[in-house]
Novice: 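Have a look at the structure that comes next, please.
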Amino acid sequence: MPDLLDSLNPEQKQAVLHEKGPILVLAGAGSGKTRVITHRLAHLVSRGVDPRSILAVTFTNKAAGEMRERAQALLPGAPLTSFVGTFHAFGLRLLRRRAQAAGLPPRFGIADSSDSLALVKEAMEEHGISEQMLPPHSVRGRISHAKNAMIPPQRFAQMATDFAGERIAKVYASYEKRLAACGALDFDDLIVRPVRLLAEQPGVLAEERRRIRHLLIDEYQDTNSAQDALVKRLGEGADSLAAVGDEDQAIYRWRGAEVEHILRFEEDFPGAKVIALERNYRSTDKILAAASGLVSHNRRRREKRLRSDRGAGAAVRIWRFDEDRAEVEAVAREIAGSAKPPGETAILYRVNAQSRPFEEELVRRKIPYVVVGGMKFYERAEVKDVLAYLRLAARPEDDLAFRRVVNVPARGIGAATLDRLAAMSRESGKSWWEVSADPAGVTDRARTSLTRFRAVVEELREKAVDGTPSAVLEHLLTVTGYSALYEGSDDREDVARRENIRELLSSAREFERRNAEGATVAEYLDTVALATDADAAGVRGGAITLSTLHAAKGLEFGQVFVVGLEEGFLPHGQSGEDEDELEEERRLLYVGMTRAEDALTLTVTNRRLVYGRVEPRRPSRFLEEIPKGAVEEKVFGYSAPTAAFAAHASSFEPEDEDQRPLRRGRRVRHPRYGYGVILTEEGSGDETRLTVYFDRAGKKKFVARYADLTPA
DNA sequence: CTGCTTCACCTTTTT
DNA sequence: GGTGAAGCAG
């Protein structure tokens with residue numbers, strides 16, 4: 001198929017044609033990365049390579065879907081049988097096939113992020129750790145990092161140096177126990193377990209290597225160490241291993257990704273071929289110059305020179321506003337007056353909460369829009385409830401699902417009964433399901449309710465043996481009494497819930513259609529567990545796209561607005577001042593800017609409503625780093641800040657040396673709580689209240705005047 | 001045990 | 001502004 005290569009430039013062609021061994025493709029923004037991957041995949045197949053020996057891995061379902069589709073389009077005829085999917089989907093498939101070798105129960109479940117957060121909370125409670133002391137979210141984060149670094153609880157405990165670390169080690173250990181008790185794996189396990197399996201069982205490794213001969217890894221800059229290890233295990237000795245990525249677009253450090261993996265590729269794979277794709281087909285020169293100038297302030301990157309293929313174009317606009325209302329209006333007005341079709345426009349922001357004012361204004365102006373990401377379909381309570389019933393139908397020993405719905409709709413099974421079941425389960429090592437058959441020490445009412453509940457689940461189990469997912473779902477909605485819960489109500493929320501349930505049903509039918517044979521309940525549940533968003537990005541058609549900078553990666557638009565370029569958003573207030581985190585924030589903006597083809601507008605505001613409060617804002621430091629030659633500034637009715645306002649604003653200034661001993665960030669000592677650090681100051685003078693985070697006692701609030709705090 | 005109210009706390013990004 | 005936990009009356 002010679003025409004396969006005609007549309008490629010020389011570098012792209014080299015990347016596609018590369019025959020043997022490791023190759024790293026450094027694909028700058030807009031350089032035709034997906035094109036290279038899909039063509040390489042298609043090329044291998046058309047050259048006679050067995051499609052089943054090709055493994056193509058990405059990070060998101062969306063990217064995987066696109067890759068499969070586009071590769072398939074290049075290969076008329078037989079459906080592509082290669083594995084094309086996410087790291088997690090690959091890990092899951094491997095573990096399902098080799099559950100026994102991996103030492104897993106034959107039908108293990110998958111704990112999603114809310115399941116695993118629930119388990120962390122329980123584990124914390126078990127060890128008497130309050131949520132004030134350690135936020136469950138961050139504990140969950142620490143555990144996740146440890147798992148991805150392949151550090152087991154035992155070693156984590158040995159490594160723990162401080163008080164918090166010791167506690168987290170305990171939580172980590174019982175979290176793992178609890179996960180095992182409900183026969184479930186969390187997302188991290190889906191990567192880490194395969195790595196361990198391949199490391200410990202040479203036989204399995206040999207077989208997998210025999211099966212997988214060609215690897216294609218997308219977004220290599222976003223791999224964490226477990227994913228990197230997985231690639232290395234499988235890739236060693238493979239016929240080819242192609243890693244594609246761009247360190248300037250690495251934006252998942254917080255999730256354990258390490259740019260080092262891509263920066264170190266040639267050392268890890270000696271003799272690797274490296275090809276840089278530096279021709280940009282997406283953006284005009286001005287946009288590219290602005291974005292490149294910005295990201296060149298990063299140190300941990302390879303020097304590169306992106307060239308635009310599209311001519312100079314218009315300057316990047318920087319719009320400055322006095323307040324957020326004006327910002328929202330100006331952006332909406334520009335969009336309304338624009339000749340571009342709505343589908344060609346995107347508004348990008350740092351955090352989801354920023355979408356709201358724009359949504360309101362777009363609604364007011366009757367401009368259609370879609371929000372990418374946002375509230376996730378599979379995270380809605382009603383969807384999770386219904387799926388929990390389905391999970392029980394497939395695997396009654398799924399404690400997490402059991403607890404979720406045993407009392408939904410309300411059956412008179414309350415906290416006391418649940419505590420009983422928990423205790424019995426812990427003592428006997430049996431699942432809640434088993435224990436609930438003969439519960440000791442619960443009220444008669446609860447006992448009858450449990451019996452009735454069990455009968456319902458038993459019936460669903462039978463139904464699930466040979467029923468399709470959608471049939472079981474439909475059945476379950478009536479027998480459990482779940483749909484009656486929201487029926488016949490005019491409440492907007494209830495209407496939405498009914499719609500979501502209907503939506504779930506049709507997605508199940510869609511799943512069955514796509515997997516004509518083998519659309520079992522278990523397989524449907526696997527798919528759903530790894531599907532995080534409802535692929536909303538596919539339906540953008542005639543609507544403006546609203547998206548976070550993260551979710552915008554991989555997309556492109558004629559006209560892009562990156563809004564709210566202020567300190568606190570970009571860089572985000574939760575990101576520290578250390579260089580690595582700043583670099584990541586800078587890359588995030590870079591990713592946003594390089595989404596634009598012809599028009600890019602960056603906005604800043606002097607004042608903004610945050611959590612219902614008007615707050616002074618300062619322009620992002622990144623604005624200074626964008627080359628002046630590429631931009632054109634415009635100030636909208638900008639009034640100089642008042643003196644008081646300026647004083648307030650300047651307290652955000654990091655280089656403004658504040659000598660007060662009890663200011664934000666200072667370490668202090670308290671006679672009772674020991675050492676800590678000041679998190680926030682509220683009010684002023686005698687009224688000043690301080691929130692202090694103590695190393696051992698957690699968060700406490702004080703009125704500064706009365707608290708016995710000394711600088712430490 | 002349930003359902004309602006209040007209250008605190010919060011807010012990064014996601015497979 | 002929104003959500004989830006905690007508190008309280010029925």
Side-chain angles (χ1 to χ4, degrees), chain A residues 57-64 85-92 110-114 116-118 121 125 130-132 135-138 140-141 144 148 185-192 219 222-224 226-227 250-257 348-357 360 372-376 378-379 381 407-419 442-443 445-446 449 493 527-533 547-553 564 568-576 581 584-585 587-589 591-592 609-613 679-680 682 691 699 701:
Chain A
V57 186
T58 64
F59 277 85
T60 66
N61 295 308
K62 202 174 76 189
T86 63
F87 268 107
H88 292 86
F90 171 71
L92 175 60
I110 297 165
D112 65 24
S113 29
S114 70
S116 83
L117 190 65
K121 284 183 184 170
E125 208 184 318
S130 78
E131 298 191 4
Q132 282 70 292
H137 262 292
S138 74
R140 157 73 225 176
S144 173
N148 280 308
L185 298 184
D186 66 13
F187 285 143
D188 299 325
D189 286 324
L190 295 180
I191 312 295
V192 172
E219 308 277 17
D222 285 332
T223 50
N224 66 28
Q227 288 158 337
I251 54 176
Y252 287 106
R253 203 182 90 95
W254 52 275
R255 218 165 94 181
L348 308 180
Y349 36 79
R350 177 66 228 268
V351 301
N352 279 123
Q354 288 172 266
S355 76
R356 199 210 208 84
E360 283 165 5
V372 176
M375 210 187 311
K376 270 151 232 89
Y378 288 107
E379 276 167 28
N407 198 35
V408 182
R411 300 185 172 88
I413 299 167
T417 309
L418 293 180
D419 281 348
V442 305
T443 62
R445 187 169 156 221
S449 296
E493 298 275 303
T527 307
V528 165
L530 297 182
T532 39
D533 58 358
S547 168
T548 63
L549 292 165
H550 281 92
K553 184 156 82 163
F569 279 150
L570 268 163
H572 192 272
Q574 296 287 312
S575 73
E581 294 195 34
E584 174 131 321
E585 296 290 311
R587 288 193 293 265
L588 205 42
L589 177 55
V591 166
L609 200 63
V610 191
Y611 321 133
R613 254 165 208 265
L679 285 185
T680 59
E682 287 163 86
T691 308
K699 241 189 249 179
K701 262 199 179 170

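All values below come from the heavy atoms of this structure, side chains included, with hydrogens, waters and symmetry mates left out. Just so we're on the same page: letters track the sequence lines, and every chain starts at 1.
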Novice: Between C1' on B/dT11 and CH2 on A/Trp254, what's the gap in Å once rounded to a whole number?
Specialist: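 That distance rounds to 14 Å.
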Novice: Tell me which nucleotide among C/dA5, B/dG3, B/dT15 gets nearest to the side chain of A/Arg255.
Specialist: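 The nucleotide sitting nearest to the side chain is B/dT15.
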Novice: Looking only at side-chain atoms of A/Arg356, point me to the closest of C/dG2, B/dT15, B/dT11.
Specialist: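 Minimum distance to the A/Arg356 side chain belongs to C/dG2.
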Novice: Would you call the rings of A/His550 and A/Trp254 parallel, tilted or perpendicular, where under 30° means parallel and over 60° means perpendicular?
Specialist: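 A/His550 and A/Trp254: perpendicular rings.
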Novice: Indicate, with a heavy-atom threshold strictly under 4.0 Å, whether A/Ala416 touches base, sugar-phosphate, or nothing.
Specialist: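 It contacts sugar-phosphate atoms only.
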Novice: Please tell me which of the listed nucleotides, B/dT14, B/dT2, B/dC1, lies nearest to the side chain of A/Asn352?
Specialist: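 The answer is B/dT14.
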Novice: Of the listed nucleotides (B/dT13, B/dC1, C/dG1), which one gets closest to any side-chain atom of A/Thr417?
Specialist: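 Nearest to the side chain of A/Thr417 among the choices is B/dC1.
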Novice: With the six-membered base ring of B/dT13 as reference, does the ring of A/Tyr252 sit under 5.5 Å away with planes under 30° apart?
Specialist: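 No, the aromatic ring of A/Tyr252 does not stack with the base.
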Novice: Checking contacts here: which listed nucleotide (C/dG1, B/dT14, B/dT15) is nearest the side-chain heavy atoms of A/Thr548?
Specialist: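 Comparing C/dG1, B/dT14, B/dT15 against the side chain of A/Thr548, the answer is B/dT14.
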Novice: 5'-most contact on DNA chain B: A/Val351 or A/Arg411, nearest heavy atom basis?
Specialist: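 Of the two residues, A/Arg411 wins.
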Novice: Answer with base, sugar-phosphate or nothing: what part of the nucleic acid does A/Ile251 contact at a heavy-atom distance below 4.0 Å?
Specialist: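 A/Ile251: no heavy atom of the nucleic acid under 4.0 Å.
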Novice: Rounded to whole angstroms, how far apart are CG on A/Leu117 and C1' on C/dG4?
Specialist: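 Checked: the CG to C1' distance equals 12 Å.
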Novice: Please tell me if A/Lys553 has a side-chain N or O lying less than 4.0 Å from either OP1 or OP2 of B/dT14.
Specialist: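 Negative; the distance criterion is not met.
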Novice: How long is the line joining CD of A/Glu379 and P of B/dT14, in whole Å?
Specialist: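 Nearest whole value for this atom pair: 10 Å.
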Novice: Base, sugar-phosphate, or nothing for A/Asn407, non-hydrogen atoms under 4.0 angstrom?
Specialist: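 Contact class for A/Asn407: sugar-phosphate only.
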Novice: In this structure, how many angstroms lie between the C1' atom of B/dT11 and the NE2 atom of A/His572, rounded?
Specialist: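 So the NE2-C1' distance, A/His572 to B/dT11, works out to 7 Å.
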Novice: Please determine whether a side-chain nitrogen of the Lys or Arg among A/Glu360 and A/Arg356 lies less than 4.0 Å from a carboxylate oxygen of the Asp or Glu.
Specialist: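 Salt bridge present between A/Glu360 and A/Arg356.
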Novice: The side chain of A/His88 is closest to which nucleotide in this list: B/dT14, B/dT2, B/dT15?
Specialist: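 Comparing B/dT14, B/dT2, B/dT15 against the side chain of A/His88, the answer is B/dT15.
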Novice: Among B/dT15, B/dT11, B/dT13, which nucleotide sits nearest the side chain of A/His550?
Specialist: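 Between B/dT15, B/dT11, B/dT13, the one nearest the side chain of A/His550 would be B/dT13.
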Novice: Determine whether A/Tyr378 and A/Val528 make a side-chain contact, defined as any pair of heavy atoms from C-beta on separated by less than 4.5 Å.
Specialist: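 A side-chain contact exists here, since the closest heavy-atom pair is under 4.5 Å.
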Novice: What's the closest nucleotide to the A/Thr86 side chain, out of C/dG2, B/dT15, B/dG3?
Specialist: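 Out of C/dG2, B/dT15, B/dG3, the nucleotide with an atom closest to A/Thr86's side chain is B/dT15.
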Novice: For A/Glu584 and for A/Ala446, find the nucleotide of DNA chain B with the closest heavy atom, then tell me which residue's nucleotide is more 5'.
Specialist: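 Residue closer to the 5' terminus by nearest nucleotide: A/Ala446.
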Novice: Counting distance only, does the side-chain N/O of A/Arg140 pair as donor-acceptor with the main-chain N or O of A/Leu117 below 3.5 Å?
Specialist: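 Flag not set: sc A/Arg140 to bb A/Leu117 has no pair under 3.5 Å.
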Novice: Quick check: A/His88 with A/Phe59 (ring centres under 6.0 Å apart)?
Specialist: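 They do not qualify: ring centres at least 6.0 Å apart.
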Novice: What is the nucleic acid contact for A/Ala415, judged by heavy atoms within less than 4.0 Å: base, sugar-phosphate only, or nothing?
Specialist: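 Contact class for A/Ala415: sugar-phosphate only.
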